[in-house]
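Numbering starts at 1 and runs along the sequence shown. All heavy atoms count here, side chains included; hydrogens, waters and symmetry mates do not. Start at 1 and go down the list; that is how both ligands and their atoms are numbered. Values in this document were obtained by computation on a predicted structure and should not be read as measured data.
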Amino acid sequence: MTFVYDDQNIFAKILRGEIPNQTVFESEHALAFKDINPAAPVHILVIPKGPYVSMDHFCQEADAAEIEGFMRAVGEVCKIADVEGGFRVISNAREDALQEVPHLHFHILGGRGLGPILAR
Ligand code: AMP
């Protein structure tokens, strides 16, 4: 499929410094910040700095340094956040998954029992 990135999405504005955020970690290739509407005691979003809509877009088109930088950022967030008891990573893509913001993001969720992976 063809991926079209909208640079007016809210995370693009956060990356440009146009909207404030609660940064947890930042590196050359990634930014991690607290979700504005947390679903768990730990709810951190990790985003790549490049213009990728979704996980499939990123994995198909990002270069090795971007992929390593993004995944290392997830590792750093897990060191900083209180997730010793466990955590869940979610990345919603497109309509079926109810993706709201069209810039790739990992939700890092933890700090309590999270229940089953999906409602049935
Ligand atoms: P998704 O449905 O996977 O696209 O999730 C988008 C997430 O972005 C939601 O959990 C929102 O609460 C979160 N969100 C939206 N705007 C902001 C913002 N300005 N700062 C932090 N998180 C945000």
Exercise for the section: In plain terms, say whether Glu26 and Lys49 are close enough for a salt bridge, that is, a side-chain N and a carboxylate O under 4.0 Å apart. Expected result: yes

Exercise for the section: Output yes when the distance from some N or O of ligand 1 to some N or O of Gln99 is under 3.5 Å, and no in every other case. Expected result: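 Not met; the criterion fails.
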
Exercise for the section: Looking only at distances, please establish whether an N/O atom of ligand 1 is found under 3.5 Å from an N/O atom of Leu45. Expected result: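 In fact, backbone or side chain, Leu45 has no N or O that close.
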
Practice task
Return the residue, atom name and 0.1 Å-rounded distance of the protein heavy atom closest to atom 6 (C) of ligand 1.
Solution key: His105 NE2, 3.5 Å

Handout entry: For atom 8 (O) of ligand 1, closest protein heavy-atom neighbour
Key = Phe11 CZ, 3.4 Å

Problem - Which of the ligand 1 atoms, numbered from 1, are nearer than 4.0 Å to a heavy atom of His107 - result: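 Within the 4.0 Å cut-off of His107, ligand 1 contributes 1 (P), 3 (O), 5 (O), 7 (C), 10 (O).
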
Problem - Numbered atoms and elements of ligand 1 in range of Phe33, under 4.0 angstrom, heavy atoms - result: 21 (C)

Practice task
Verify ring pair (Phe, Tyr, Trp, His ring centres under 6.0 Å) between His57 and Tyr52, making sure each step is shown before the conclusion.
Solution key: CA-CA 6 Å; His57 185 195; Tyr52 300 101; 5.2 Å; yes

Problem - Side chain to side chain, Arg112 and Pro41, heavy atoms closer than 4.5 Å - result: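 In short, these two side chains touch, coming nearer than 4.5 Å.
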
Handout entry: Heavy-atom check, side chain of Phe87 versus side chain of Val42, under 4.5 Å
Key =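 No - every pair of side-chain heavy atoms lies 4.5 Å or more apart.
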
Heavy-atom distance to [atom]: which of [options] wins?
{"atom": "atom 4 (O) of ligand 1", "options": "His43, Arg94, Glu100", "answer": "Glu100"}
{"atom": "atom 14 (N) of ligand 1", "options": "Ile19, Ile10, Leu98, Ile36", "answer": "Ile36"}
{"atom": "atom 11 (C) of ligand 1", "options": "Asn37, Asp35, Leu104", "answer": "Asp35"}

Practice task
Please list all pairs passing the salt bridge (charged side-chain N to carboxylate O under 4.0 Å, His left out) test where one or both residues lie in residues 81-108, with sequence neighbours left out.
Solution key: Asp56-Arg94

Problem - Check: His105 ring centre within less than 6.0 Å of His103 ring centre - result: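 Between His103 and His105, which both carry aromatic rings, the centre distance is not below 6.0 Å.
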
Practice task
Say whether Asn21 and ligand 1 are in contact under the criterion: heavy-atom distance to a ligand atom below 4.0 Å.
Solution key: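 No; Asn21 lies far enough from ligand 1 that no heavy-atom distance drops under 4.0 Å.
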
Practice task
Tell me, please: is Lys34 in heavy-atom contact with ligand 1, that is, under 4.0 Å?
Solution key: yes

Exercise for the section: Output the distance between atom CG (Leu31) and atom CZ (Phe70), rounded to the nearest 0.5 Å. Expected result: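 Answer for the CG-CZ pair, Leu31 versus Phe70, is 11.0 Å.
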
Handout entry: Partner set under salt bridge (charged side-chain N to carboxylate O under 4.0 Å, His left out) for Arg72, not counting sequence neighbours
Key =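 Once residues adjacent in sequence are excluded, the partners of Arg72 under the salt bridge (charged side-chain N to carboxylate O under 4.0 Å, His left out) criterion are Glu68.
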
